[in-house]
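Below, chains carry the letters A, B, ... as their sequence lines are ordered, and counting in each starts from 1. These values consider heavy atoms only, across backbone and side chains, with no hydrogens, waters or symmetry-generated copies.
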2 protein chains.
Amino acid sequence: MGASKTEYFSAKQNEIAAIAKAIGHPARVAILEYLVKVDACICGDIVNELPLAQPTVSQHLRELKNAGLIKGNIEGNAICYCIDEKAIEKLKKYFDGISNKLLKKNSCC
Amino acid sequence: MGASKTEYFSAKQNEIAAIAKAIGHPARVAILEYLVKVDACICGDIVNELPLAQPTVSQHLRELKNAGLIKGNIEGNAICYCIDEKAIEKLKKYFDGISNKLLKKNSCC
DNA sequence: AATCTTTATTGCAATATTGCAATATTAAAT
DNA sequence: ATTTAATATTGCAATATTGCAATAAAGATT
């Protein structure tokens with residue numbers, strides 16, 4: 001025991017959880033913010049931006065990619081990563097939905 | 001080593017990461033959705049809604065509470081949990097901000 | 001071809017998370 | 001005061017995550 005019982009929950013619940021989980025680490029938040037900040041999506045220097053070793057950054061990038069938050073293009077021997085807006089839109093819509101539903105209620109706590 | 005190097009990142013980055021992390025488990029997504037669904041924020045029956053044991057649900061509730069996503073009132077011997085809209089608003093604003101910044105750029109990947 | 005640059009992978013240690021049975025706590029009901 | 005009901009805490013096992021050194025892979029440069 002001890003593993004997440006993901007199979008007991010809906011696909012949508014698991015999808016939102018997976019995206020949120022990927023954002024749930026400050027290094028990955030920092031990576032996303034860096035990708036938003038730079039105009040071009042030149043990427044190798046993410047390592048220089050962060051106080052983490054290259055393999056660690058590479059792993060965080062993989063997790064963001066698995067969650068659909070970023071996408072990458074191979075350009076020569078470098079890789080150009082950038083944010084995949086679709087995942088951001090999914091989250092936006094999800095929280096907008098929650099927010100709208102909450103407005104229709106009288107908060108009781 | 002292996003612990004998160006949270007001290008290397010900004011307070012805001014850590015805050016967003018902490019909220020996202022709390023949402024990053026399907027059981028906690030399911031709890032949030034249940035709290036949105038029920039009109040009143042009667043809470044004991046969250047345990048009946050989920051395929052998890054009572055201590056497990058209690059722990060998930062504590063994590064949601066620590067992240068500021070829910071708040072709870074003691075009502076007799078029961079506890080009334082409900083969503084804290086402030087945390088939802090924070091996330092909404094954060095992703096709106098990212099989304100707006102992305103619109104001003106030509107996506108290159 | 002040999003080297004450099006960039007990124008990914010592997011293997012490992014440290015730590016964190018998940019889930020639950022057992023137990024504790026707290027307040028209501030009898 | 002005892003019992004019941006609701007929730008929290010503790011302690012533990014199973015699993016996952018985090019971070020990095022070492023190494024690999026793959027294209028560019030010389």
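Side-chain to base pairing of Gln54(B) with dA6(D): no donor and acceptor N or O lie closer than 3.5 Å to each other.
Regarding Ile46(A), its CD1 atom lies at a distance of 11 Å from the C1' atom of dT7(C), rounded to whole Å. Look at OH on Tyr8(B): it is 11 Å from C1' on dG19(D), rounded to the nearest Å. The CG-C1' distance, from Leu50(A) to dT7(C), rounds to 15 Å in whole Å. Put simply, CD on Glu75(A) is 15 Å from C1' on dA26(D), counting in whole angstrom units. The separation between Ile31(B) atom CD1 and dT7(D) atom P is 12 Å, rounded to whole Å. Rounded to whole angstrom, the span from the CD1 atom of Ile79(B) across to the C1' atom of dA5(D) amounts to 13 Å. Across the protein-nucleic acid pair, Ile74(A) atom CD1 and dA26(D) atom C1' stand 9 Å apart, rounded to whole Å. Rounded to whole Å, the distance from CG on Asn66(A) to P on dT17(D) is 11 Å.
Legend: residues meeting side chain to side chain contact (heavy atoms under 4.5 Å, CB included) with Ala20(B), ordered by chain and number and at least two apart, are Ile23(A). By the salt bridge (Lys or Arg N to Asp or Glu O under 4.0 Å) test, Asp96(B) pairs with Lys92(A), sequence neighbours left out. Remark: Ser58(A) engages no residue in a side chain to side chain donor-acceptor pair (under 3.5 Å) (not counting sequence neighbours). Ala17(A) is linked by a side chain to side chain contact (heavy atoms under 4.5 Å, CB included) to Pro26(B), Val29(B), counting only residues two or more places apart in sequence or in another chain. Gln59(B) is linked by a side chain to side chain contact (heavy atoms under 4.5 Å, CB included) to Arg62(B), Glu63(B), counting only residues two or more places apart in sequence or in another chain. The side chain to side chain contact (heavy atoms under 4.5 Å, CB included) search around Ile79(A) returns Ile74(A), Tyr81(A), not counting sequence neighbours.
Heavy-atom distances to DNA chain D give each of Gly76(A) and Arg28(A) a nearest nucleotide, and the one nearer the 5′ end belongs to Arg28(A).
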Audit row: Glu33(B), Tyr94(A), side chain to side chain contact (heavy atoms under 4.5 Å, CB included) steps and yes/no: CA-CA 11 Å; Glu33(B) 291 181 357; Tyr94(A) 187 75; 2.5 Å; yes
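Contacts between residues 55-65 of chain B and DNA chain D, defined by a heavy-atom separation under 4.0 Å, are made by Pro55(B), Ser58(B), Arg62(B).
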List, with names and distances, any nitrogen or oxygen atoms from the protein found under 3.5 Å away from nitrogen or oxygen atoms belonging to nucleotides 1-5 of chain C.
from   : atom 1 : to       : atom 2 : distance (Å)
dT5(C) : O2     : Asn77(A) : ND2    : 2.9

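Looking at the side chain of Ala78(B), the nearest of the listed nucleotides dG19(C), dA6(D), dA21(D) is dA6(D).
Close to dT17(D), at under 4.0 Å from its OP1 or OP2, lies a side-chain N or O of Lys21(A). Residue Tyr81(A) places at least one side-chain N or O closer than 4.0 Å to OP1 or OP2 of dA8(C).
Every pair passing ring-ring contact (aromatic ring centres under 6.0 Å, His included) that includes a residue from residues 41-62 of chain A is listed here, sequence neighbours excluded: His25(A)-His60(A).
Under the 4.5 Å side-chain criterion, counting only non-hydrogen atoms from C-beta, Ile70(B) is in contact with Leu35(B).
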